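A short write-up of the structure that comes next.
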Amino acid sequence: MSDAALIPARLTPTPVRTIAAKDIRDALRDRFILIVTAFLGLAALVALVTGAIALRSDVATYEAAKATLLALGKSADAIKAPEFYPLRLLRGAIEQIEIIGAAIAILIGYRSAASERGRQTLALMLTRPMRRWQFVAGKALAGIGLLAGGLALVLGGLTLVLHFMSGIGLGADDLLRIAVVWGVAVAYTACFFLVSFILSLHMKQPSHALLVAFAVWLTLVLIAPQIGDTLDPDNQVAGGVFKQLNIAKPDQVEIMKGFATFETVRGGIEQASVTKHFERFTFAVLGIKATYAGMPLGPILTEMRGNLIWIFLTALGLIAIALALPLNPDRLAKA
Amino acid sequence: MSEPLIRLDRLTQSFDGVTAVDALSMDIEKGEIFGFLGHNGAGKTTTIQMLTTLARPASGTATVAGYDINKDPLEVRRRIGYVPENVRLYDTLTAAENLVFFARLSGVDAPARRVRQVLELLDCTYLADKRVGGFSKGMRQRVGLAQAILHDPAVLFLDEPTSGLDPMGIKMLRDLVMRLNTEFGMTIFMNTHLISEIAKTCTSIAVLSHGKLVFHDRIDAVTARYGDDAALEELYLSLTPVGRLAEVA
């Protein structure tokens, strides 16, 4: 009996699946992905532990203050106990995914395209009875699959650490929130993978493509969100200008009308960064942003759907570009 | 008379305004081992890229095994095998894993079994479970040839197959090519620089110079007219720019 006869028709390997499976095996054998995933995991773990230590310090300070008050025969009601939302401890990990995760995605995208260029394997593939979009789709599927696997390992590992470290354990709602964050993190990092993959596949020199991809990363991950934050008029004084000056909300609105153009530009810069959308979404879902702490997941998803749509549309748009751009075999045969 | 297996009809390609292949027309019959000679940059690889559907011609067309390269590229690809110059394959995968991958892409029914058959045919089963990363040039070329014949193609395109091989490797490759031609009836289209190989292997030759076809004939006719390898070399040099320069000097 042939191999094909043993495989149900719906599972018969298509070129897309065949290329994706080969790419994943190739990448894992290379150990590059394992090393960078371990690096991301370590960075996220350090961030988690740092957060936990800070929380423990807050709790210790509170306990000491409470003990002092009680020793003096006074009520401890005057001091507020530190709030404990275990998912908030993932803040550092989210920031690592935002920055390092995106950088790793760029490296995977570069590797995915550059590995075919110059070693003539692309020519071998493109002379097989398959369509060229299938090659691109297979490579993209593998890259996104690797990111999904890596992020699952990192977030899964952190969840376990968190579960045992927090003492109170994580409930089904917490696990669902982490799963939602994982899905969005895959889409977010996929954007950077695709930018790097497209550039490395189509630019004359893949090494130049890597530089351009990191310039995009620098702009979207580090510069644009910072511009958005630092140019916010209300952020010019610690605690907020309006709050410090006790300006009422209607007056704030009236004042801000005078900055309408400025705010449009600032908002535009901030909105252009997929990183900012990822941060807003994940900070809300995990309750890292105080406004959303303790809020049920449903309303958060409704309120944050704009950020979600932006991230997924960016990823889908980049997939469409990757599939639509014609391949240049002559260029791809050169390293 | 039957249709030729490969027919080029004013096949043209240009890059940035420079014509790389200029209205190339010729026929190659089924069962031939065709040697395509030409200086570096003559347009040989560009011609192969068009015939293997890797690149679309600027104008003109060609048919391979009865299918038009512009209209039916998928059908052409089902019937061809291609070995580029300097095959590298995937270093982290074993020879068998590389071959199963290409067999699947070629739509081979039982990839693992077919890979074993081909490795036996090429007398290199000992390479199956070794990672390609540690292979010599000759070993890579063998695996490269194996990937090209997994789906039993009607035409095998070889681009400078002996480039960088030692004399032993060249002989091994020559024997394999002859076997594929005589035992399995594969038509071979081979770009090469080596005139001695052409004389030993090919049944017909053509010479390309600056994208133009300057010579095309059966090898028996050529050897009858020009005699031994040395005379063949003289003929080639007289048709190429290097040869003409030598005459001027």
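Keep in mind that this is a model prediction, so the values were computed, not measured. Below, each value reflects all heavy atoms present in this structure, side chains not excepted, and no hydrogens, waters or symmetry copies. So that the names make sense, note that chain A is the first sequence line, chain B the second, and so on, each numbered from 1.
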Checklist entry - Any idea which heavy atoms bring A/L126 and B/T53 closest together, and the distance? => result O-OG1, 4.2 Å
Item to check | Residue B/R114 versus chain A: region with a heavy atom under 4.5 Å | outcome: neither
Next on the checklist: Can you confirm whether more than 12 heavy atoms, excluding those of B/K137, are under 6.0 Å from its NZ atom?
Outcome noted: yes
Checklist entry - If contact means a heavy atom pair closer than 4.5 Å, which residues of residues 22-36 of chain A contact chain B? => result A/K22, A/R25, A/D26, A/R29, A/D30
Checklist entry - Which atoms form the tightest heavy-atom contact between B/R104 and A/T18, and what is the distance? => result CB-CG2, 3.6 Å
Checklist entry - Do B/L54 and A/L122 have side chains that get closer than 4.5 Å, going by heavy atoms? => result no
Checklist entry - Does the pair A/T121 and B/R88 meet the rule for a side chain to side chain contact (heavy atoms under 4.5 Å, CB included), with working shown? => result CA-CA 7 Å; A/T121 43; B/R88 284 192 52 201; 5.8 Å; no
Item to check | Between A/T127 and B/R77: side-chain donor-acceptor atoms closer than 3.5 Å | outcome: no
Checklist entry - Looking at side-chain heavy atoms only, is the closest gap between B/H151 and A/R128 below 4.5 Å? => result yes
Checklist outcome for this item: Closest non-hydrogen contact found for B/F101 with A/I19 is CE1-CA, 3.8 Å
Checklist entry - In chain order, what residues pass the ring-ring contact (aromatic ring centres under 6.0 Å, His included) check against B/F189, with sequence neighbours excluded? => result B/F34, B/F36, B/F157
Checklist entry - If you take all heavy atoms of B/L105 and A/M130, which pair is closest and at what distance? => result CD2-SD, 3.9 Å
Next on the checklist: For the CG atom of A/L124 and the OH atom of B/Y82, what is their distance to the nearest 0.5 Å?
Outcome noted: 8.0 Å
